[in-house]
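One structure below.
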Amino acid sequence: GQQLNQSPQSMFIQEGEDVSMNCTSSSIFNTWLWYKQDPGEGPVLLIALYKAGELTSNGRLTAQFGITRKDSFLNISASIPSDVGIYFCAGQLYGNKLVFGAGTILRVKS
Amino acid sequence: DGGITQSPKYLFRKEGQNVTLSCEQNLNHDAMYWYRQDPGQGLRLIYYSQIVNDFQKGDIAEGYSVSREKKESFPLTVTSAQKNPTAFYLCASMGILWGYTFGSGTRLTVV
């Protein structure tokens with residue numbers, strides 16, 4: 001079946017540092033999505049990407065949809081303590097259920 | 001405001017009991033999903049439903065059951081056949097285009 005390989009599995013960084021995480025797949029997706037999950041809550045959508053090569057920003061977050069439609073990265077600039085959580089990438093073929101990566105656990109040292 | 005509501009937030013189950021987790025949405029979404037999340041782990045699909053009165057097994061359906069009698073509601077029953085039910089359960093819905101909206105989750109603990 002379809003799988004997404006998300007890395008790194010976890011990160012422990014200093015407040016103010018930039019963060020980068022990525023997802024790769026052997027399958028092509030129409031849409032890539034990035035979610036953040038706070039402890040004890042459901043995931044919340046951060047960024048959605050629709051076009052190959054698309055680069056999208058949302059505040060301190062920047063994500064790109066790979067040109068082959070098989071990968072994506074998420075960058076967080078100048079991390080702050082509230083960035084703590086689990087970040088999930090997800091790929092979607094139009095109208096179908098999402099395929100999720102295993103998540104990147106982000107811990108920020110203040 | 002439109003959204004998806006899961007209840008209860010915390011649930012305790014005795015050995016051998018069946019328990020039902022509620023998921024209600026007012027987003028007019030056709031598709032609904034149930035995921036299980038273990039500590040520090042990713043999301044595993046239990047069941048999903050793309051229209052009323054129809055549902056499909058996901059990757060880990062054994063020990064669970066669902067119903068979809070109304071568009072707004074997709075309850076999940078954790079049966080006594082599920083040997084390791086302690087986990088965080090997430091419900092999600094999807095509209096016509098893209099992406100899921102998630103509920104805030106139910107944490108189930110076996111006591």
Side-chain angles (χ1 to χ4, degrees), chain A residues 1-12 21 23 25 29-51 54 56 58 63 65 69 72 74 84-107, chain B residues 2-11 21 23-25 27 29-51 54-61 74 87-109:
Chain A
Q2 297 170 323
Q3 285 188 319
L4 297 187
N5 300 308
Q6 186 171 351
S7 64
Q9 185 176 11
S10 65
M11 305 180 71
F12 189 49
M21 59 191 79
C23 274
S25 172
F29 292 101
N30 297 122
T31 304
W32 278 87
L33 304 124
W34 285 93
Y35 285 86
K36 183 197 176 194
Q37 183 181 27
D38 290 326
E41 297 296 327
V44 174
L45 181 66
L46 298 174
I47 290 179
L49 302 159
Y50 309 104
K51 299 179 183 178
E54 179 181 1
T56 297
N58 178 7
F65 194 159
R69 293 183 172 271
S72 177
L74 174 71
V84 163
I86 305 177
Y87 292 79
F88 292 101
C89 63
Q92 184 176 18
L93 292 173
Y94 182 78
N96 290 335
K97 61 183 183 293
L98 300 188
V99 178
F100 285 93
T104 294
I105 301 172
L106 182 63
R107 300 179 178 91
Chain B
I4 183 165
T5 302
Q6 289 187 242
S7 61
K9 182 67 174 177
Y10 300 95
L11 187 57
L21 284 60
C23 179
E24 302 277 333
Q25 54 101 358
L27 299 166
H29 286 173
D30 286 313
M32 297 186 74
Y33 306 83
W34 274 105
Y35 285 87
R36 171 180 171 141
Q37 185 177 30
D38 293 287
Q41 302 297 313
L43 306 174
R44 293 188 289 170
L45 182 63
I46 305 172
Y47 268 98
Y48 64 102
S49 167
Q50 294 187 309
I51 56 172
D54 184 61
F55 49 83
Q56 306 294 329
K57 292 182 178 180
D59 301 319
I60 56 165
F74 191 39
F88 191 54
Y89 291 86
L90 285 162
C91 180
S93 67
M94 185 172 74
I96 297 175
L97 294 178
W98 51 263
Y100 289 175
T101 300
F102 282 92
S104 58
T106 292
R107 185 166 301 281
L108 174 63
T109 304

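All figures in this text were calculated on a predicted structure; none of them were measured in a lab. Residue numbers begin at 1 in each chain, while the letters A, B, ... track the order of the sequences.
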Under a 3.5 Å distance rule, please check whether A:Y35 uses its side chain to pair with a backbone N or O of B:Y100 as donor and acceptor.
yes
Give, as side chain, backbone, both or neither, the part of B:Q6 having an atom under 4.5 angstrom from any heavy atom of chain A.
neither
Atom CZ of residue position A:F12 - does it have more than 12 heavy atoms of other residues, nucleotides or ligands inside 6.0 Å?
yes
Counting only non-hydrogen atoms closer than 4.5 Å, does A:Q6 touch chain B with its backbone (N, CA, C, O), its side chain (CB onward), both, or neither?
neither
Relative to chain B, which segment of A:A102 carries a heavy atom at a distance below 4.5 Å: side chain, backbone, both, or neither?
backbone
If I compare all heavy atoms of A:L98 with all of B:Y35, which pair ends up nearest, and what's the gap?
O-OH, 3.9 Å
Identify the heavy atoms of A:G42 and B:L90 that sit nearest to each other, and give their distance.
CA-CD2, 3.5 Å
Heavy-atom cut-off 4.5 Å, strictly under: side chain, backbone, both or neither for B:I4 against chain A?
neither
Rounded to the nearest 0.5 Å, the CD atom of B:Q37 sits from the CZ atom of A:F88 at a distance of 4.5 Å
Under 3.5 Å donor-acceptor, B:Y48 side chain and A:K97 backbone
no
I'd like to check B:F102 versus A:E41 (side-chain heavy atoms, cut-off strictly below 4.5 Å). Are they in contact?
no
